[in-house]
Amino acid sequence: MPRRKRVHPMLRIARAFTQEQRPDLISASMRLRQLDGPAGGPRYAVNIEGCLAKECPFGVSAEMSASGRCSVRCELRNTCRLLLTRSGEIVSATNSSEHYS
């Protein structure tokens, strides 16, 4: 019997933040990256990206924009970047229309 896939604890924290602060991004894709930096600094970055357009005016497919691979700069993209410490405390939350790679 296969084991159930565990959700990373930082993604749970990011999902809770999204539900409270950014309900427009609840169904958006989340990407977790581990950061390398000084002790006591942010350890994780969670990028949450969603597109508000039903049909992209730039011709980007819905699958590509849902996966976070859309490289077009436009005002229809909603992005939130969370920086978290090792203990799960949110250090910074940046809202913009930029694509974080």
Side-chain angles (χ1 to χ4, degrees):
M1 177 178 216
R3 288 177 36 184
R4 250 179 41 167
K5 187 176 178 180
R6 275 186 44 208
V7 176
H8 197 281
M10 298 305 154
L11 287 177
R12 287 185 187 151
I13 293 169
R15 183 70 61 197
F17 175 85
T18 304
Q19 290 174 348
E20 292 174 15
Q21 303 293 327
R22 298 294 310 268
D24 54 327
L25 293 176
I26 287 177
S27 62
S29 64
M30 290 188 177
R31 289 184 293 158
L32 175 71
R33 295 181 69 190
Q34 190 169 1
L35 303 175
D36 185 22
R43 186 71 174 171
Y44 298 98
V46 178
N47 297 325
I48 309 164
E49 291 188 19
C51 186
L52 300 174
K54 301 295 181 207
E55 185 175 318
C56 181
F58 299 102
V60 177
S61 69
E63 295 85 22
M64 190 171 188
S65 92
S67 68
R69 293 182 288 150
C70 178
S71 60
V72 178
R73 288 182 69 170
C74 71
E75 63 279 350
L76 298 174
R77 174 185 285 128
N78 255 339
T79 303
C80 181
R81 183 175 192 191
L82 302 175
L83 297 178
L84 298 107
T85 61
R86 185 180 300 236
S87 62
E89 179 184 343
I90 297 176
V91 177
S92 171
T94 307
N95 298 306
S96 70
S97 62
E98 295 294 320
H99 172 73
Y100 297 101
S101 54

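Positions are given from 1, in the same order as the sequence printed here.
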Task: side-chain contact (heavy atoms from CB on, under 4.5 Å) against Arg15, all qualifying residues, sequence neighbours excluded - done: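 Partners of Arg15 by the side-chain contact (heavy atoms from CB on, under 4.5 Å) criterion, ordered by chain and then number, come out as Gln19, Met30.
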Open item on the list: My understanding is that only residues two or more places apart in sequence, or in another chain, count here; which of them pass side-chain contact (heavy atoms from CB on, under 4.5 Å) with Ile13?
Closed with: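 In terms of side-chain contact (heavy atoms from CB on, under 4.5 Å), with neighbours along the sequence ignored, Ile13 is linked to Met10, Leu84, Ile90.
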Spacing of [X] atom [atom1] and [Y] atom [atom2] [to the nearest 0.5 Å]:
X     : Y     : atom1 : atom2 : value
Leu25 : Ile48 : CG    : CD1   : 6.5 Å
Thr18 : Glu20 : OG1   : CD    : 9.5 Å
Arg81 : Thr94 : CZ    : OG1   : 7.5 Å

Open item on the list: Just so I know, are the side chains of Cys80 and Asn78 near enough to count as touching, which here means a heavy-atom distance under 4.5 Å?
Closed with: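 Of all side-chain heavy-atom pairs linking Asn78 with Cys80, none is under 4.5 Å.
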Task: Any Leu11 side-chain heavy atom under 4.5 Å of Val46 side chain - done: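 A side-chain contact under 4.5 Å exists here.
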Task: Verdict with supporting geometry, Thr85 and Arg43, side-chain contact (heavy atoms from CB on, under 4.5 Å) - done: CA-CA 5 Å; Thr85 61; Arg43 186 71 174 171; 5.8 Å; no
Task: Nearest atoms (heavy-atom pairs only) where Tyr44 meets Arg86 - done: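 Tyr44 and Arg86 have their closest heavy atoms at CE1-CA, 4.3 Å.
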Task: Residue pair Ala45 / Leu83: nearest heavy atoms and the distance that separates them - done: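 Closest pair (atom of Ala45, atom of Leu83, distance): CB-CD2, 3.9 Å.
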Task: Polar side chain donor-acceptor pair, Asn95 to Arg22, under 3.5 angstrom - done: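 There is such a pair between these side chains.
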